[in-house]
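What follows is one structure encoded as structure tokens, with my remarks underneath.
Note on naming: letters A, B, ... go to the chains in the order of the sequence lines (proteins, then strands), and numbering restarts at 1 for each one.
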Number of protein chains: 2
Amino acid sequence: MLSQTEENYLKAIYSIGLHTGKSVSTNNIAEELDTKASSVTDMIKKLSEKKLVDYKKYQGTNLTSKGKQIAVKIVRKHRLWEVFLVNNLNYAWDEVHDLAEQLEHIKSDTLINKLEEFLEFPTHDPHGDPIPDKEGNIEHHKNVMLSSIEENNTCKVLGVKDSSSAFLKFLDSKKITLGSSIKVISKEEFDNSITIEINNELFSISHLISKNLFVKKI
Amino acid sequence: MLSQTEENYLKAIYSIGLHTGKSVSTNNIAEELDTKASSVTDMIKKLSEKKLVDYKKYQGTNLTSKGKQIAVKIVRKHRLWEVFLVNNLNYAWDEVHDLAEQLEHIKSDTLINKLEEFLEFPTHDPHGDPIPDKEGNIEHHKNVMLSSIEENNTCKVLGVKDSSSAFLKFLDSKKITLGSSIKVISKEEFDNSITIEINNELFSISHLISKNLFVKKI
DNA sequence: TAAAATATTTAGATAAGTCTAAAAAATATA
DNA sequence: TATATTTTTTAGACTTATCTAAATATTTTA
Ligand SMILES: [Mn+2]
Ligand SMILES: [Mn+2]
Ligand SMILES: [Mn+2]
Ligand SMILES: [Mn+2]
């Protein structure tokens, strides 16, 4: 049985690896988990002995398939709990992450499958992130950002890349939610800000915003 | 913020104290938590420094009001989670205790209140145990056991004293559930077994069974 | 390609929670 | 009430996860 700490390391290595593709560096993990590099080295050695990561000194870390399987399972739990909190307990989408960080460590083979059934097999969490199935299969975003949509095209919001409370509350204030239709009216070359139309209203959003919204052209 | 271990000690002291009334002994706590007396002494000292228990060497332990408040809150969380697991996730009443032992340690001021609302403010858990309210008020059982009911009286099952899986499964097999009406037909002096009528069926149950069922005369 | 900067690992320390074995106190027994 | 038994505490050690400071390896820069 893994400790919460070990699970958090596996999840961190998984999510860093998803973005970068390459081996995951000690410093990256330390930053992700808000700890020191020396602590990371210690834990990596332990995970390596348990065959959950491949590790060679100074060469970075990769999850083994066993390690990846565990990491994905934790992601699955995290996202299903987030769905429960938003859909059934009336939490807002910016309030659930920290709670899910706790709930994802509840140990039970049956619980998460029963929860999934209770939630009627959702495919995405409240932030638009895909929920892995029982077998660990996961359909990743196509990574089309609002910032890449051309003028006069309309798209639908599928998810957020940054799911910080600050960003989510900003979206709330602009009435941008998952499923919103957004038409790109014009793009400003100078600062990459764009003018968009949503619910028949026009306004301008910065590049920082548009590059953090996953969308699909329609 | 208390650790899970500290919370478990407080809960153990609380539940031992409920039964006995007196100061709680080091050995009792050790037995309840399946640990050694020396470990208990160490932890008691720590809890005493935090003003969560009153402790004098060799004199046993009592919860302070602050300690009791925390213990009751954990009981509240435990029982509300049990209701969720049985009512919404279709767990059987003998399957939920260990999961609730984990879930009761989730830290959140809002979560348990939202859960309570979602569950529509249940007053008792799946084993008939009363659920403390937000303020920590709790209505304890009147402690009337089936074994104390006289012949030819009918009563209603309110709860179980022993909530081990073995006992609960036995009750399942006899179709005894919370709310069941039981008529005491006859009592056997020799071994204190009794013959009861339930759902128009007669059968005999041992003293061990009848003294573990909370009932109310009707 | 050698020096400088950065990244990573090692060494040694600390805190929480646990254990065994031994000492001390309280309680039971004779 | 003296002795035996039981309970509780203390002493010292171990594990996990963390840290700081120092050493070592890798990468960048000139
Ligand atoms: Mn999250
Ligand atoms: Mn999410
Ligand atoms: Mn329980
Ligand atoms: Mn219960």
(request) Write out all pairs satisfying salt bridge (charged side-chain N to carboxylate O under 4.0 Å, His left out) with one or both partners inside residues 12-21 of chain B, taking only residues at least two apart or from two chains. (result) none
Expected list for residues 27-41 of chain B: side-chain donor-acceptor pairs under 3.5 angstrom, two or more places apart:
from, atom 1, to, atom 2, distance (Å)
N28(B), OD1, S25(B), OG, 3.4
T41(B), OG1, A37(B), O, 3.2

(message) Check the phosphate of dT9(D) against T26(B), side-chain N and O only, distance under 4.0 Å to OP1 or OP2. Yes or no?
(response) yes
(message) If you only use heavy atoms from C-beta on, which nucleotide in dT9(D), dC19(C), dT8(C) is closest to the side chain of T35(B)?
(response) dC19(C)
(message) At less than 4.0 Å, is any side-chain N or O atom of K57(B) found next to OP1 or OP2 of dA26(C)? Yes or no.
(response) no
(message) Under the salt bridge (charged side-chain N to carboxylate O under 4.0 Å, His left out) definition, can you give me all pairs with a residue in residues 88-101 of chain A, not counting sequence neighbours?
(response) K11(A)-E101(A), D94(A)-K169(A)
(request) Can you figure out which of dC19(C), dT18(D), dT7(D) approaches the side chain of N27(B) most closely? (result) dT7(D)
(request) For T5(A), report the nucleic acid contact type (base, sugar-phosphate, nothing); a contact means any heavy atom under 4.0 Å. (result) sugar-phosphate
(message) dA16(C), OP1 or OP2 - any side-chain N/O from Y9(B) closer than 4.0 Å?
(response) no
(request) Using the ring-ring contact (aromatic ring centres under 6.0 Å, His included) rule, collect all pairs that involve residues 59-80 of chain B, keeping only residues at least two apart or in two chains. (result) H78(B)-H97(B)
(request) Mind checking side chain to side chain contact (heavy atoms under 4.5 Å, CB included) for K22(B) and listing every partner two or more places apart, or none if nothing turns up? (result) none
(message) For residues 55-74 of chain B, which residue pairs pass the side-chain hydrogen bond (donor to acceptor under 3.5 Å, both in side chains) check, not counting sequence neighbours?
(response) S23(B)-N62(B)
(message) Just to be sure I understand the geometry, which residues of residues 11-23 of chain B put a non-hydrogen atom under 4.0 Å away from DNA chain C?
(response) none
Could you write out each protein N or O paired with an N or O of nucleotides 20-23 of chain C at a distance under 3.5 Å?
from, atom 1, to, atom 2, distance (Å)
dT20(C), O4, S38(B), OG, 3.0

(message) Quick test of your reading: applying side-chain hydrogen bond (donor to acceptor under 3.5 Å, both in side chains), list the pairs with at least one residue in residues 108-131 of chain B, sequence neighbours left out, ordered by first then second residue.
(response) Y91(A)-T110(B), R76(B)-N113(B), R76(B)-E116(B), E82(B)-H127(B), S108(B)-T110(B)
